[in-house]
Every structure is written in structure tokens, then in C-alpha cells.
Amino acid sequence: GPETPEAAGLQGFRLERLATADGLAVPVWRRSAAPGRFTIVHFHGNGGGLHGSVSRLAGLSAAGYGIAALEYRGYPGAPGRPSEPALVADAVALLDRLAAEGVPSDRIVLHGWSLGSAVAIQAAVRRPVAALMLEAPPTAIVDRAAEIFPYVPVRWLLADAWLSREVVAAIRRPILILHGALDRTVPIAHGRRLATRAGPEAEFVELPDAGHADLDQHGGIAHMLGFLDRLAASR
């Protein structure tokens, strides 16, 4: 897929490189925030790459929000191999870079879609942020694998379990969870269970006509913009 925001059709974005702890340089698609707007740190889903998030990034940036979208190791334009420890370390490194640039932690909102929701949750456990927005989040990657392959000992075989359900309650920040009722990749029960685990700070929204990859086309952007408006008003 396209390896730059321009090639993917995003206007006003720039391609930067994030230096990782182990000496790699992974792409980050950036756009500066308008005055008074949050910076949204985006983590995409398992398939494709950042080019699969174009409509989400365009919809949020059009409202003036800053964007820092991380490409995963081994994905388009990025060196290395993906793994849970590596992706979490890169996400933390991106947050540390924003802090070094002078972006306050209370002006950063993490946005994760599918696998990206697990990256966002693990990053939020390690660094302070204002809030999280999660689309179609699994309770754990290993949970979903066990549902798909009930007769295979996947809990022993998978190296990257992504146990969001075990850590989400520790975040204690506002969390918006969007999930499509027609999602067959990560059934909506996962989002409901994760919201319950997250506690009273979590807001769960069911999108009745959405599947797994199209929440932004069925009201997801509007729900996220409303959440960000409420978050700003509460400051």
C-alpha cells in the first residue's frame, strides 16, 4: 500500500521517522493541531497499514485535531518485524517524542482500531494521556483466536496475547468504545466486555449498521468528534 500520506491521498500531512530504542526508523504520519485542539495518536488495525486509516485520519484532522499516526514494524515503509513488545515500545517512544516536543500529556488522546486498540491500551498503561477512543477492540487477541480455533491450544501457542482485558481498568481515563453490531471479525461482545472491565469511565456505543472496518462510515467519526468536544468542555 501507499507508504506516504500524500500517496494515500491525505492533504496537509507530513511523513516523519521515529527512532526506536533498537535503532530502527519507523514512519509516523503527522499533522499539527489547531490551537486548542487535542493531538490524536493513532494506531491502525492488523491488516494493511496506515493507508487503511485514511478516512479516519482525514475526518479527525478536518476538525482541527493534530495527528500522529504510527506505522508498525514490517508494515508498508517500515523496517523490522512486528511483535507485541516491539509495537508497545514504539508507541511509548512516540508518546515520549511528543512530550519532548512540548505536547502536554493532557492534550493527547489515543485512538486505536482493532489491533490498534490493544496498542493504545498498553501505551496508556505506561504513559499518562487525556483519554482513549477505541474502535472494535478485542478483549484480547488470544481470546478471539480461541473462539475461532476452539480445538487448538492457542493460549499456549500465541506469542502475542494482547491482554487488554487485564489492564484496561488501570487506565482511569475517559474511554470511548465504538463497536459495530455486524462485526464478524471481532464480535461486539468483546467491546461490551471490555467496557465493563474499564469501569465507569468507559462509554460504549453500538453502531447497528457497522461491521469491523467501516465504523467511520456509519457514524463513528461523529461519535468521536462529540466525545472530543465533551472532553474539551470538561477541562
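This structure is a prediction, so every number in the text was calculated from the model and none was measured.
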For this session: Any chance you could lay out the side chain to side chain contact (heavy atoms under 4.5 Å, CB included) test for Thr4 and Leu15, step after step, and finish with the verdict?
Result: CA-CA 6 Å; Thr4 68; Leu15 174 64; 3.9 Å; yes
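- In terms of heavy-atom proximity, Ser61 sits nearest to Arg31 at CB-CD, 3.5 Å.
- Rounding to the nearest 0.5 Å places CH2 of Trp162 at 14.5 Å from CG of Asp143.
- By the 4.5 Å heavy-atom criterion applied to side chains, Met224 and Ile221 are counted as neighbours.
- Looking only at side-chain heavy atoms (C-beta outward), Phe13 and Leu57 come within less than 4.5 Å of each other.
- Checked by atom type, the side-chain pair Thr139/His190 shows a donor-acceptor distance below 3.5 Å.
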For this session: Step by step, work out the salt bridge (charged side-chain N to carboxylate O under 4.0 Å, His left out) result for Arg14 and Glu6.
Result: CA-CA 8 Å; Arg14 61 190 182 273; Glu6 285 185 350; over 6 Å; no
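- The shortest side-chain heavy-atom distance between Glu203 and Arg230 falls under the 4.5 Å cut-off.
- In this structure, CZ in Arg197 is found 11.0 Å from OG in Ser164, a value given to the nearest 0.5 Å.
- Between Trp113 and His212, the angle of the ring planes lies from 30° to 60°, which puts this pair in the tilted group.
- Interatomic distance, Asp229 CG to Phe38 CZ, rounded to the nearest 0.5 Å: 9.5 Å.
- Grouping the Ile, Leu, Val, Met, Phe, Trp and Tyr side chains by contacts below 4.5 angstrom, directly or via other members, places Leu215 apart from Ile188.
- Salt bridge Arg17/Glu71: absent, no basic N to carboxylate O contact under 4.0 Å.
- At least one side-chain heavy atom of Val103 sits under 4.5 Å from a side-chain heavy atom of Ile108.
- Put simply, the side chain of His111 does not reach to within 4.5 Å of the side chain of Val41, judged on heavy atoms.
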Problem set entry | Test side chain to side chain contact (heavy atoms under 4.5 Å, CB included) applied to His51 and Glu3, step by step | CA-CA 8 Å; His51 60 276; Glu3 297 182 4; over 6 Å; no
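- To the nearest 0.5 angstrom, Thr196 atom OG1 is 14.0 Å from Arg165 atom CZ.
- Atom-to-atom distance recorded for Leu228:CG and Arg37:CZ is 8.0 Å, nearest 0.5 angstrom.
- Note on Val119: it clusters hydrophobically with Val167, by side-chain heavy-atom contacts below 4.5 Å among ILVMFWY residues.
- Contact annotation: the side chain of Leu132 never approaches that of Leu176 to less than 4.5 Å [non-hydrogen atoms, C-beta and beyond].
- Tracing side-chain contacts under 4.5 Å through hydrophobic residues (I, L, V, M, F, W, Y), one reaches Val88 starting from Val28; they form part of the same cluster.
- The aromatic rings of Tyr72 and Tyr75 lie perpendicular to each other, with more than 60° between the two planes, well past the 30° mark.
- The pair Arg73-Asp22 meets the salt-bridge criterion, with a side-chain N (NZ, NE, NH1 or NH2) lying under 4.0 Å from an Asp/Glu carboxylate O.
- Taking CG of Asp160 as the reference point, atom CG of Leu87 lies at 8.0 Å (rounded to 0.5 Å).
- The list of side-chain hydrogen bond (donor to acceptor under 3.5 Å, both in side chains) pairs with a residue in residues 217-226, not counting sequence neighbours, reads Asp214-His218.
- Counting only heavy atoms from C-beta outward, the side chains of Ile40 and Met133 approach each other to under 4.5 Å.
- When all heavy atoms of Ala8 and Trp29 are compared, the pair lying nearest together is CB-CH2, 3.7 Å.
- Residue pairs meeting the salt bridge (charged side-chain N to carboxylate O under 4.0 Å, His left out) criterion with at least one member in residues 47-60, sequence neighbours excluded, are Arg56-Glu135, Arg56-Asp216.
- There is no path of hydrophobic side-chain contacts, each under 4.5 Å, that joins Leu115 to Leu50.
- Leu207 and Leu134 are members of different hydrophobic clusters when ILVMFWY side chains are connected at heavy-atom separations under 4.5 Å.
- Between Leu163 and Ile141, the closest side-chain pair of non-hydrogen atoms is not below 4.5 Å.
- A pairwise comparison of heavy atoms in Ala130 and Val109 identifies CB-CG2, 4.4 Å as the closest pair.
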